[in-house]
Amino acid sequence: MFNLILFGPPGSGKGTQSEKIVDRFGLIHLSTGNLLRQEISEKTPLGLEAKNFMDKGQLVPDEVVIGMIDSCLEKHPEAQGFLFDGFPRTIAQAEALDKLLALKKTAISKVLALDVSEDELVRRLLERGKTSGRSDDTDESIIRKRFSVYKGETEPVATHYEKQDKFERIPGEGSVNDIFQKLSSAIEKKNEVAAQS
Ligand code: AP5
């Protein structure tokens, strides 16, 4: 199995690149942000709880997102690999993911981190906020809150995977296709997964 984490701050292009990567390499895309927004649109109890955190730019509690990922992994026993997008976002989530994968006799193969300057991130998110309907994109103070949560709680996850020698930074500014080529080369270097197209 090839299990990839696409890592990076809010607006760095994780969702955009994930769509292209899963298409090319036949991985199952697991985005905790998308899963949570789905719960919100269905007005489930989990969604209503999560919305309180997301609207403020805070993280949803670890046990909620870990539970969601666990049940998604169970739903795809035939998968040849997973792409984790927006997860793990805390050390507790990273440790839980390592354990869940170990139970399935697999592990994270690679963590690719998109590097983008903060000015460019703010520009992208405010631009998307004009049309996305995402409440966490329209207010610059909420966007800044998301960055500060990222720096405090999520950046330490990089060290967790650096210690495992799995972490690599990829420049995340420029055209979507150029960035995709760089990500694809890094994936292919692992030699564990073949492009499907
Ligand atoms: P989530 O949905 O994961 O949002 P995020 O990490 O803040 O990331 P975004 O979706 O905003 O950005 P992205 O990196 O995917 O970039 P995208 O491709 O969309 O999380 C939202 C919230 O849910 C969190 O704040 C938290 O509350 C909760 N949550 C989620 N996961 C959680 C977890 N594990 N634990 C706890 N809570 C969790 O691109 C952004 C924009 O830029 C788009 O408009 C795109 O078109 C544009 N763009 C992309 N690439 C380029 C490029 N190369 N050049 C120019 N524009 C570009």
Side-chain angles (χ1 to χ4, degrees), residues 4-22 29-41 46-73 82-97 100 111-158 160 170-183:
L4 175 69
I5 295 173
L6 199 52
F7 194 77
S12 55
K14 302 183 296 294
T16 304
Q17 296 295 337
S18 289
E19 285 179 22
K20 295 171 79 70
I21 293 171
V22 293
H29 182 197
L30 295 185
S31 156
T32 40
N34 288 350
L35 291 167
L36 290 165
R37 281 185 288 278
Q38 179 72 26
E39 296 279 345
I40 291 173
S41 72
L46 189 156
L48 295 175
E49 187 198 350
K51 188 172 185 330
N52 285 326
F53 295 96
M54 293 168 77
D55 283 351
K56 294 184 201 133
Q58 296 169 347
L59 293 182
V60 174
D62 285 337
E63 59 275 17
V64 173
V65 284
I66 292 166
M68 276 188 344
I69 288 290
D70 190 10
S71 65
C72 285
L73 294 177
F82 292 93
L83 191 169
F84 298 95
D85 160 12
F87 180 91
R89 257 173 150 102
T90 63
I91 291 286
Q93 291 179 21
E95 288 173 347
L97 179 61
L100 286 174
V111 182
L112 296 176
L114 292 167
D115 257 347
V116 179
S117 71
E118 195 161 314
D119 284 350
E120 170 69 3
L121 295 172
V122 174
R123 192 194 64 70
R124 288 183 189 178
L125 293 176
L126 286 174
E127 186 60 33
R128 182 175 64 185
K130 291 179 190 164
T131 52
S132 68
R134 272 182 64 167
S135 54
D136 57 348
D137 279 349
T138 42
D139 179 337
E140 189 166 336
S141 70
I142 304 286
I143 291 175
R144 299 272 176 203
K145 172 71 184 168
R146 287 159 68 194
F147 293 155
S148 90
V149 168
Y150 178 80
K151 283 179 191 146
E153 300 192 49
T154 306
E155 274 184 356
V157 173
H160 177 86
I170 303 286
E173 292 186 41
S175 82
V176 168
N177 277 339
D178 284 351
I179 298 163
F180 176 58
Q181 289 312 323
K182 291 184 187 121
L183 291 167

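Note that the structure is predicted; figures quoted are calculated from it, not measured. In listed order, ligands and their atoms are each counted from 1.
Within the 4.5 Å cutoff, the side chain of T16 has no heavy atoms near those of the I179 side chain.
Residues passing the side chain to side chain contact (heavy atoms under 4.5 Å, CB included) test with P156 are I91, sequence neighbours excluded. D178 meets the side chain to side chain contact (heavy atoms under 4.5 Å, CB included) test with S175; sequence neighbours excluded.
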Pairs of donor and acceptor atoms involving the side chains of residues 111-119, under 3.5 Å and at least two apart or interchain, shall be tabulated with distances.
from, atom 1, to, atom 2, distance (Å)
S117, OG, E120, N, 3.4
S117, OG, E173, OE2, 3.3
E118, OE1, K151, NZ, 2.9
E118, OE2, R144, NH1, 2.9

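The backbone N or O of R89 lies less than 3.5 Å from a partner atom in the side chain of Q93, making a donor-acceptor pair.
At a 4.0 Å heavy-atom cut-off, the residues surrounding ligand 1 are P9, P10, G11, S12, G13, K14, G15, T16, T32, G33, L36, R37, M54, Q58, L59, V60, V65, G86, F87, R89, Q93, R124, L125, R128, R134, D136, R146, G174, V176, I179, listed by chain and number.
In this structure, D139 does not pair ionically with K56, as no charged nitrogen and carboxylate oxygen lie closer than 4.0 Å.
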